[in-house]
K.L.:
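For reference, the structure I am asking about is given below.
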Amino acid sequence: MGRAPKLVAIPVAGLVEFLQWGQDYFSFDAATVSLSLSPWNFDVSLLDTWAVLSSGGTAVAAEAARLHDAAYLVRLLDEHRPTFVQVVPSTLDALINAAGSTTYPSVRNIVLTGGVVAQPARAAAANLFPEATFHNVYGATEVNDCLIETLTAQQFAGTEMLPLGVPIAGCEIYLDAGGDRQPLHEAAEATHGELLVRTPWMAEGYIHDGTITPLPVTADALYPMKDQALWANGQLMYQGRRDRMVKVRGQRVNLEELENAARRTGLVGMACAWLTGTTSGEELHMAYTAPDHGTAMTGLQLRMAMSATLPAFAMPNQLHAFAGPFPLNGNGKPDLPTIKSRVESE
């Protein structure tokens, strides 16, 4: 079962401002055809559905039960020739594998949201959508989109790691380095810390049983994203989730960096890491799929490739190859509880 989406209350004025930003930034108009690849109860639909519709454009809604059916999604591309597509990494991976050598020059804007995509997959995406401008968007349900990096197809394909981007107009971004907080645009030197965000379309709070529970914001109404970032050389780079840092063999390990290192090898499609405790100590696990969801690489091949970028203490104790795609939750991310359950039942 997928995780139920968070319900948040967004002020009408904030919603209107966000839709207007989307229309202006992507030049939505009556000729826009958006392929909506997310359920309408997730925040990403505000851009690929409602901002498009409010501009007079067309939104082609994929069936909710078939959002991870790659062949079906490719048929939608073939039939409707959209100009705008927003994808999460798992959906992009599925499209690349299903489309083969087909290209879709009608697509003018591709928005990537919800996670990290390795460089080989981005290169394949640039070939799939040769006329597109690519946008890496960062945000969360509570604050919606707040950072954007816009790139040419060549930049999108060739950059080793995508920057998180620059603040969207009206959004305030801060880095909190152990209590030393400063606005992003005033950080003259390299700065590492947790991202704190305030946006014009920020939610008032969570909806529970018809009542609104305020967001857990700071005293000056900034929302802590729980994401670590590095500001250096005029770019903001993602450094992983604060709540995905674990201690293994006396060393701190970022589980997301482990997953990203696996994807950067080009030998895997998706990766999912977790830590378990045993009587003999901690066990660091990582499940992975093959790029084409066919025969997965051997654990030895993957270890050899990952060792080029990961220290020995961060290497997984246990590797688990999946012959098919990962089970996904409702927002298109690997469903960790189901993945762990499958591994434990082997």
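Note that the structure is a prediction, hence the values are computed from the model and not measured. For the single chain, residues carry numbers from 1 onward in sequence order.
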K.L.:
Could you check Phe322 against Val343 for side-chain contact (heavy atoms from CB on, under 4.5 Å), going step by step and ending with a plain yes or no?
P.N.:
CA-CA 9 Å; Phe322 272 55; Val343 167; 4.0 Å; yes
K.L.:
Kindly indicate whether the side chain of Arg263, heavy atoms from C-beta on, has any atom under 4.5 Å from the side chain of Val268.
P.N.:
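Yes; the side chains approach each other to less than 4.5 Å.
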K.L.:
Ignoring hydrogens and geometry, is there a side-chain-to-backbone donor-acceptor pair from Thr159 to Leu162 under 3.5 Å?
P.N.:
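Checking the backbone N and O of Leu162 against the side chain of Thr159, no donor-acceptor pair under 3.5 Å is found.
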K.L.:
Please answer whether the main-chain N or O of Val197 pairs with a side-chain N or O of Glu172 as donor and acceptor at a distance below 3.5 Å.
P.N.:
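Side chain of Glu172 to backbone of Val197: no pair is present.
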K.L.:
Once rounded to the nearest 0.5 Å, what's the spacing between atom CD1 of Ile207 and atom CD1 of Ile10?
P.N.:
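Separation between the atoms: 9.0 Å.
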K.L.:
In the single-linkage hydrophobic clustering (I, L, V, M, F, W, Y; side-chain heavy atoms under 4.5 Å), do Leu95 and Val44 co-cluster?
P.N.:
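In one cluster with Leu95: Val44, no.
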K.L.:
Rounded at 0.5 Å granularity, tell me how far CE in Met161 sits from CD in Gln119.
P.N.:
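Answer rounded to 0.5 Å: 12.5 Å.
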K.L.:
Check for a donor-acceptor pair, side chain of Arg198 on one end and backbone N or O of Asp220 on the other, with a separation under 3.5 Å.
P.N.:
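Checking the backbone N and O of Asp220 against the side chain of Arg198, a donor-acceptor pair under 3.5 Å is found.
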K.L.:
How many angstroms lie between atom OG1 of Thr191 and atom CG of Leu236, to the nearest 0.5 angstrom?
P.N.:
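One gets 10.0 Å once the value is rounded to the nearest 0.5 Å.
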K.L.:
Honestly curious: do Phe84 and Val87 fall in one hydrophobic cluster under the side-chain, below-4.5 Å linking rule?
P.N.:
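In one cluster: no.
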K.L.:
Search all heavy atoms of Trp201 against all heavy atoms of Ala169 and return the closest pair with its distance.
P.N.:
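For Trp201 and Ala169, the tightest heavy-atom pair comes out as CH2-O, 3.9 Å.
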K.L.:
For residues Leu267 and Leu302, report the shortest heavy-atom separation together with the two atoms involved.
P.N.:
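In this case the closest contact between Leu267 and Leu302 is CD1-CA, 4.3 Å.
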K.L.:
Looking at every heavy atom in both Ala51 and Leu19, which two are closest together, and how far apart are they?
P.N.:
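Closest approach of Ala51 to Leu19: N-CD2, 3.6 Å.
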K.L.:
Sub-3.5 Å donor-acceptor pair from the side chain of Ser45 to the main-chain atoms of Trp40, do we have one?
P.N.:
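It does hold such a pair.
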K.L.:
Looking only at the side chains, is there a donor atom on one of Glu256 and Asn260 sitting less than 3.5 Å from an acceptor on the other?
P.N.:
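Asn260 and Glu256 do not have a side-chain donor-acceptor pair below 3.5 Å.
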K.L.:
Step by step, work out the side-chain contact (heavy atoms from CB on, under 4.5 Å) result for Asp227 and Tyr138.
P.N.:
CA-CA 11 Å; Asp227 284 334; Tyr138 172 84; 2.6 Å; yes
K.L.:
Should Leu147 and Pro167 count as side-chain neighbours, where that means a heavy-atom distance under 4.5 Å?
P.N.:
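Yes, side chains in contact.
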K.L.:
Show which side-chain atoms of residues 107-115 pair as donor or acceptor with protein atoms under 3.5 Å away, not counting sequence neighbours.
P.N.:
{"residue": "Asn109", "atom": "OD1", "partner": "His135", "partner atom": "NE2", "Å": "2.7"}

K.L.:
Could you state whether Met237 and Leu255 fall into the same hydrophobic cluster, counting links through intermediate Ile, Leu, Val, Met, Phe, Trp or Tyr residues with side-chain heavy atoms under 4.5 angstrom apart?
P.N.:
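They do not share one cluster, since no chain of ILVMFWY contacts under 4.5 Å joins Met237 to Leu255.
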K.L.:
So do Ile339 and Pro334 actually touch side chain to side chain, heavy atoms under 4.5 Å?
P.N.:
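When only atoms from C-beta onward are counted, Ile339 and Pro334 do touch, with a gap below 4.5 Å.
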K.L.:
State, with a plain yes or no, whether a side-chain heavy atom of Pro316 is found less than 4.5 Å away from one of Met306.
P.N.:
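When only atoms from C-beta onward are counted, Met306 and Pro316 do touch, with a gap below 4.5 Å.
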K.L.:
Considering residues at least two apart in sequence or located in another chain, which fulfil the salt bridge (Lys or Arg N to Asp or Glu O under 4.0 Å) criterion with Arg81?
P.N.:
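Counting only residues at least two positions away or on another chain, Arg81 forms a salt bridge (Lys or Arg N to Asp or Glu O under 4.0 Å) with Asp78.
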K.L.:
Could you list all the ring pair (Phe, Tyr, Trp, His ring centres under 6.0 Å) pairs where at least one residue sits in residues 139-162, not counting sequence neighbours?
P.N.:
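Listed by first then second residue: Phe134-Phe156.
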K.L.:
Of Leu47, Asp48, Leu53, which is the lone residue that meets side-chain contact (heavy atoms from CB on, under 4.5 Å) with Trp50?
P.N.:
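Between Trp50 and the candidates, side-chain contact (heavy atoms from CB on, under 4.5 Å) is satisfied uniquely by Leu53.
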K.L.:
May I ask you to test the Val117-Leu92 pair for a side-chain heavy-atom distance under 4.5 Å?
P.N.:
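When only atoms from C-beta onward are counted, Leu92 and Val117 do touch, with a gap below 4.5 Å.
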K.L.:
Below 4.5 Å, heavy atoms only, C-beta onward: do Val253 and Leu275 meet side chain to side chain?
P.N.:
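Answer no - side chains too far apart.
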K.L.:
Enumerate the salt bridge (charged side-chain N to carboxylate O under 4.0 Å, His left out) contacts for residues 97-106, please, sequence neighbours excluded, ordered by first and then second residue.
P.N.:
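Sorted pair list comes back empty.
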K.L.:
Quick check: do Thr218 and Arg181 have side-chain heavy atoms less than 4.5 Å from each other?
P.N.:
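A side-chain contact exists here, since the closest heavy-atom pair is under 4.5 Å.
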K.L.:
Under a 4.5 Å side-chain heavy-atom rule over Ile, Leu, Val, Met, Phe, Trp and Tyr, are Phe42 and Leu35 clustered together?
P.N.:
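In one cluster: no.
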K.L.:
Given side chains that start at C-beta, do those of Leu128 and Tyr104 come closer than 4.5 Å, heavy atoms only?
P.N.:
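When only atoms from C-beta onward are counted, Tyr104 and Leu128 do touch, with a gap below 4.5 Å.
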K.L.:
Could you walk me through whether Leu215 and Tyr206 satisfy the side-chain contact (heavy atoms from CB on, under 4.5 Å) test, starting with their C-alpha distance in whole Å, then the side-chain angles of each, then the deciding distance to 0.1 Å, before giving a yes or no?
P.N.:
CA-CA 7 Å; Leu215 297 182; Tyr206 302 103; 3.7 Å; yes
K.L.:
Quick check: does any side chain N or O of Thr213 sit under 3.5 Å from a backbone N or O of Gly205, one acting as donor and the other as acceptor?
P.N.:
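Flag not set: sc Thr213 to bb Gly205 has no pair under 3.5 Å.
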K.L.:
Under a 4.5 Å side-chain heavy-atom rule over Ile, Leu, Val, Met, Phe, Trp and Tyr, are Tyr174 and Met202 clustered together?
P.N.:
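Shared cluster, no.
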K.L.:
Without swapping roles, check the side chain of Asp29 against the backbone of Ala31 for a donor-acceptor pair under 3.5 Å.
P.N.:
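Side chain of Asp29 to backbone of Ala31: a pair is present.
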K.L.:
Tell me the closest heavy-atom pair linking Glu194 and Met225, and the distance in Å.
P.N.:
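What the structure gives for the nearest pair is OE2-N, 3.8 Å.
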K.L.:
Please check if any side-chain donor atom of Ser38 sits under 3.5 Å from a side-chain acceptor atom of Gln86, or the reverse.
P.N.:
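Distance-only check fails for Ser38 and Gln86.
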K.L.:
Taking all atoms of both residues into account, what is the closest heavy-atom pair of Cys146 and Thr199, and its distance?
P.N.:
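Residues Cys146 and Thr199, closest heavy atoms: CB-CG2, 3.7 Å.
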K.L.:
For Asp69, what residues pass the side chain to side chain contact (heavy atoms under 4.5 Å, CB included) criterion, not counting sequence neighbours?
P.N.:
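Asp69 satisfies side chain to side chain contact (heavy atoms under 4.5 Å, CB included) with Arg66, Ala71, Tyr72 only.
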K.L.:
Is a side-chain donor or acceptor of Asn136 paired with a backbone partner of Pro163 at a separation under 3.5 angstrom?
P.N.:
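Yes.
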K.L.:
So Tyr25 and Trp21, would you call those rings parallel, tilted or perpendicular, with 30° and 60° as cut-offs?
P.N.:
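Answer is tilted, since the angle falls between 30° and 60°.
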K.L.:
Would you find a donor on one side and an acceptor on the other, under 3.5 Å apart, between the side chain of Asp176 and the backbone of Gly193?
P.N.:
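Here the side-chain-to-backbone pair does not exist.
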K.L.:
Do Leu284 and Leu258 pass the side-chain contact (heavy atoms from CB on, under 4.5 Å) test, and can you show the C-alpha distance, the side-chain angles, and the key distance before you say yes or no?
P.N.:
CA-CA 10 Å; Leu284 189 56; Leu258 194 159; 3.5 Å; yes
K.L.:
Name all pairs fulfilling the salt bridge (charged side-chain N to carboxylate O under 4.0 Å, His left out) condition that reach into residues 143-162, sequence neighbours left out, sorted by first residue then second.
P.N.:
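Applying salt bridge (charged side-chain N to carboxylate O under 4.0 Å, His left out) to every pair that reaches into residues 143-162, excluding sequence neighbours, yields nothing.
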K.L.:
Atom CE of Met315 and atom CZ of Arg303: how far apart are they, to the nearest 0.5 Å?
P.N.:
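The CE atom of Met315 sits 5.5 Å away from the CZ atom of Arg303.
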K.L.:
Judged by atom type as modelled, is there a donor-acceptor pair below 3.5 Å linking the side chain of Glu283 to the main-chain atoms of Thr276?
P.N.:
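It does not hold such a pair.
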K.L.:
If you round to the nearest 0.5 Å, how far is NE2 of His285 from CD of Glu344?
P.N.:
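Answer for the CD-NE2 pair, Glu344 versus His285, is 8.0 Å.
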K.L.:
Ignoring hydrogens, what is the shortest heavy-atom contact between Ser55 and Val52? Give both atom names and the distance.
P.N.:
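Nearest heavy atoms, Ser55 then Val52: OG-O, 2.6 Å.
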K.L.:
Rounded at 0.5 Å granularity, tell me how far CG in Leu175 sits from CD in Gln182.
P.N.:
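That separation rounds to 7.0 Å.
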